[in-house]
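First listed ligand is number 1; within each ligand, the first listed atom is number 1.
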Amino acid sequence: MQTKIILPEDRIPKQWYNIIPDMPGQMAPVIHPGTMQPVGPDDLLPLFPMGLIEQEVSTQRWIDIPDEVREILSLWRPSPLFRAHRLEKALGTPAKIYYKYEGVSPAGSHKPNTAVPQAYYNKIAGTKRIASETGAGQWGSSIALACQMFGLECTVYMVKVSFTQKPYRKSMMQLWGADVIPSPSNLTNAGRAILAEHPDSNGSLGIAISEAVEDAATREDTRYALGSVLNHVCLHQTIIGQEAKEQLAIAGDYPDVVIGCHGGGSNFAGIAFPFIADKANGKNIRILAAEPISCPTLTKGVYEFDYGDTAKMAPISRMYTLGHDFMPPGIHAGGLRYHGAAPLVSQLLHEGVIEARAVGQVGCFEAAVQFSRAEGIIPAPESSHAIRAAVDEALQAKEEGKEKTILFNLSGHGHVDMAAYDAFFSGQLEDYEYPSEAIQESLQHLPKVG
Ligand SMILES: Cc1ncc(COP(=O)(O)O)c(C=O)c1O
């Protein structure tokens with residue numbers, strides 16, 4: 001029985017799958033935070049090159065991947081699909097468990113799948129410099145890598161608490177040539193406003209996004225890049241699910257349930273969207289997003305219009321949200337701290353096409369350790385949410401004595417996250433459920449969209 005299913009390089013997908021034409025219901029418009037009117041392509045030009053704006057709104061089902069992008073992706077793609085024989089045995093489950101492993105990219109996660117095309121479309125549009133933000137550093141290192149490959153300058157605003165706690169992600173960004181700035185910083189109006197009110201602010205993804213957006217919007221040579229949430233980011237990640245489908249076909253299998261962890265939605269979209277296309281055509285398949293109970297956007301948020309950032313400079317989208325001024329608890333070790341969710345993922349949840357489940361961080365680390373002791377790979381703490389959900393599905397199959405085929409996305413490795421594992425082993429991690437009152441308070445500040 002095969003353990004690793006590897007595709008040859010010429011099987012790197014030649015097109016991205018755009019789910020927009022297959023969405024149930026009409027997509028809500030994106031709203032300009034200044035005019036409160038729907039944004040047009042021209043409104044987005046200070047932030048993004050036209051190639052990406054076109055993809056953001058495209059209704060074409062298949063979009064060609066440029067050769068220059070596929071050439072760089074070939075450094076690590078196609079990524080392997082594993083059958084988790086040893087984990088299945090450890091769990092004593094009749095379920096078959098497969099995982100698609102995205103930790104083989106140079107940055108160690110799925111994020112370069114979109115960083116590379118984003119840098120490419122900027123390069124051909126004449127952009128000289130990219131400003132972006134990063135939380136734990138996975139996205140920052142990926143955009144730094146991609147900018148390096150296309151000869152672009154790169155500035156990354158890094159959430160301050162991670163800047164101090166994750167020095168090696170910062171070093172990776174510097175190695176790939178990026179300028180890394182702890183956020184909130186004194187370099188932007190958004191950062192200065194936060195520091196005036198909270199001089200000891202730990203920062204948040206929402207604040208760092210505000211700083212990067214302001215940086216890009218106020219410099220002619222600079223554009224902004226986001227590592228999740230947006231339609232074009234979800235689009236770029238669909239190569240994950242396309243490859244997985246082909247690999248499962250080689251194994252003679254098809255999943256009953258597809259699982260991805262959920263922060264902003266991009267790796268979940270990547271593994272899930274190509275299977276959702278099958279579901280729309282009548283396949284009986286469940287699609288499950290796993291998120292932390294400390295940042296329960298999909299399970300406790302509301303489906304409303306909200307800003308993408310704290311300073312209300314980023315466009316307003318209809319999405320599941322905890323409120324743009326949501327402050328994630330410092331105690332949470334596993335990433336996935338964004339207040340919103342991809343509008344595409346949100347609409348699929350709202351329409352009942354997909355399911356969402358919130359999991360506690362202690363159970364996630366337990367599952368990650370069990371996985372690692374069976375399969376060897378050390379998972380990124382973010383990915384451990386998908387492992388928890390996959391293990392729970394496998395244990396349920398055992399209880400019910402049912403066969404089941406489970407596919408999950410192992411979105412990255414955790415080699416640079418060993419401090420979080422240390423915290424787990426020394427008993428410092430606890431499950432923190434974000435209080436409903438705090439969510440209600442934050443939801444008071446949603447924008448009023450007519
Ligand atoms: C390894 C890994 N998995 C998952 C995520 C969550 O992001 P998304 O929901 O966009 O996939 C991140 C975010 O940085 C990540 O680094």
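- Here the shortest heavy-atom distance to atom 7 (O) of ligand 1, taken over Glu382, Arg169, Lys111, His262, belongs to Lys111.
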Next on the checklist: Pair Phe424, Glu366 - check side-chain contact (heavy atoms from CB on, under 4.5 Å), show working.
Outcome noted: CA-CA 9 Å; Phe424 171 67; Glu366 283 167 1; 3.8 Å; yes
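- Met158 approaches Met173 most closely through the heavy-atom pair SD-CE, 3.7 Å.
- Between Gly264 and ligand 1, at least one N/O pair is under 3.5 Å apart.
- Phe326 has its ring centre no less than 6.0 Å from the ring centre of His339.
- When side chains are defined from C-beta on, Glu393 counts as touching Leu288, because their heavy atoms get closer than 4.5 Å.
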Item to check | Pair His232-Tyr121, ring pair (Phe, Tyr, Trp, His ring centres under 6.0 Å): steps then yes or no | outcome: CA-CA 12 Å; His232 67 266; Tyr121 287 107; 8.9 Å; no
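- The contact set between ligand 1 and Gly265, taken as ligand atoms under 4.0 Å from a residue heavy atom, comprises 8 (P), 9 (O), 10 (O).
- When every heavy atom of Thr238 is checked against every heavy atom of Tyr17, the shortest pair comes out as OG1-N, 3.0 Å.
- Summarising the geometry, atom OH belonging to Tyr224 is positioned 13.5 Å from atom OG1 belonging to Thr155; distances are rounded to the nearest 0.5 Å.
- Considering only non-hydrogen atoms, atom 6 (C) of ligand 1 lies nearest to Leu336 out of Leu336, Val345, Leu226, Asn409.
- Backbone and side-chain nitrogen or oxygen atoms of Ser109 are examined, and none is located within less than 3.5 angstrom of a nitrogen or oxygen of ligand 1.
- The protein heavy atom nearest to atom 1 (C) of ligand 1 is Ser411 OG, 3.5 Å.
- Taking 4.0 Å as the cut-off, His110 counts as a neighbour of ligand 1 on heavy-atom distance.
- Contacts of Ala380 with ligand 1, taken as heavy-atom pairs under 4.0 Å, involve the side chain alone.
- Considering backbone and side-chain N/O of Phe268, none are found under 3.5 Å from N/O of ligand 1.
- Of all protein heavy atoms, the one lying nearest to atom 10 (O) of ligand 1 is Ser228 OG, 2.5 Å.
- Within the structure, the closest approach of Ala136 to ligand 1 does not fall below 4.0 Å when heavy atoms are considered.
- One finds a salt bridge joining Asp215 and Arg129 here, because a Lys/Arg side-chain nitrogen approaches an Asp/Glu carboxylate oxygen to under 4.0 Å.
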